[in-house]
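To start, the structure under review is shown below, and the notes come after it.
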Amino acid sequence: VERLVVMGGPMGALDDADHPWLPDVRSLLARAVAAGTPVLGVCLGAQLLAAALGARIRRGPAPEIGAGRVGLTAAAARDPVLGVVGGGDLAVFHWHGDTFDLPDGALLLASSDAYAHQAFRVAHAWGLQFHVELRAGDAASVSSHLGPSRGVTPAELAAVEPTGRQIIDAFLDLPSEAPRLDPIMEDQVST
């Protein structure tokens, strides 16, 4: 596998009783990180990645749904994926109610007022609690799942699209084999 991307879904990262395939996804993520495969987890994927790396997952203070912004950290400016968009705030789309602690050794890359942990990186694995893969043309489809009081407009997604493309392209441009983790980190993510 050259890269692994795990996207979102309506379930929680630890809803194993209702979704018995979730432990297999967490195991796959842990193995991919240990093997040096570049990993991108988006929304639920970020929560599963954090859990796979030993972090605690929990309900957030309130659902964060709709167009919004995250503040990039100083570490994000130097990051090979998020650094392509510079610093400051980033237009994103939120659709989550859970959050996570940062895994051991993780670099915090983004936060919002409601959720302190919006993006992180451990070695060659990125977790993005928010969505950047949406395009302006996705507004009607996304809104149909959100309900009438929480829709999103094409203009709001148009603000996400250009930097989202930069971030996704930067991830796809990474070397397919990242350097091996140090032995201490490998022990932390083995299954």
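- Residues Leu90 and Ile167 approach most closely at CD2-CD1, 3.8 Å, considering heavy atoms.
- Taking CZ from Phe120 and CD from Gln118, the interatomic distance works out to 12.0 Å, rounded to the nearest 0.5 Å.
- Classification of the His131-Phe93 ring pair by plane angle, with boundaries at 30° and 60°, yields tilted.
- Checked against a 6.0 Å centroid threshold, the rings of Tyr115 and His96 count as neighbours.
- In this structure, the side chain of Asp15 does not engage the main chain of Asp18 through any donor-acceptor pair within 3.5 Å.
- Using a distance-only test at 3.5 Å, with no hydrogens or angles considered, a donor-acceptor pair links the side chain of Arg3 to the main chain of Leu172.
- Smallest separation of non-hydrogen atoms from Ala110 and Leu72: CB-CD2, 3.9 Å.
- When all heavy atoms of Ala52 and Leu29 are compared, the closest pair comes out as CB-CB, 3.9 Å.
- For Gln129 (side chain) and Asp98 (main-chain N/O), a donor-acceptor pair under 3.5 Å exists by modelled atom type.
- Around atom CG of Asp113, no more than 12 heavy atoms belonging to other residues, nucleotides or ligands sit under 6.0 Å away.
- Residue Ile168 holds its CD1 atom at 7.5 Å from CG of Leu40, rounded to the nearest 0.5 Å.
- The shortest non-hydrogen separation linking His94 to Gly68 is CD2-CA, 3.9 Å.
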task: Go through Leu109 and Trp126 one step at a time and tell me if the side-chain contact (heavy atoms from CB on, under 4.5 Å) criterion holds.
output: CA-CA 9 Å; Leu109 300 176; Trp126 287 260; 3.8 Å; yes

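- For the atom pair Phe100 CZ and Leu48 CG, the distance stands at 11.0 Å (nearest 0.5 Å).
- Heavy atoms from other residues, nucleotides or ligands lying under 6.0 Å from CZ of Arg58 number more than 12.
- Minimum interatomic distance between Leu4 and Thr37 (heavy atoms only, all atoms of both residues): N-CG2, 4.0 Å.
- Residues Leu108 and Leu102 are in side-chain contact: their nearest non-hydrogen atoms beyond the backbone lie under 4.5 Å apart.
- With hydrogens and angles ignored, the 3.5 Å screen pairs a side-chain donor or acceptor of His124 with a backbone N or O of Val33.
- Note: Arg26 CZ to Leu14 CG = 5.5 Å, rounded to the nearest 0.5 Å.
- Proximity of Val5 to Phe171: side-chain heavy atoms (C-beta onward) are separated by under 4.5 Å at one or more points.
- The structure places CG of Asp101 at 4.5 Å from CZ of Arg56, a figure rounded to the nearest 0.5 Å.
- Annotation for Pro38 and Pro175: closest pair CG-O, 3.4 Å, computed over non-hydrogen atoms.
- Looking at heavy atoms from C-beta onward, Asp24 lies out of side-chain contact with Leu28 at the 4.5 angstrom threshold.
- Atom CE of residue Met11 and atom CG of residue Leu22 lie 6.5 Å apart, to the nearest 0.5 angstrom.
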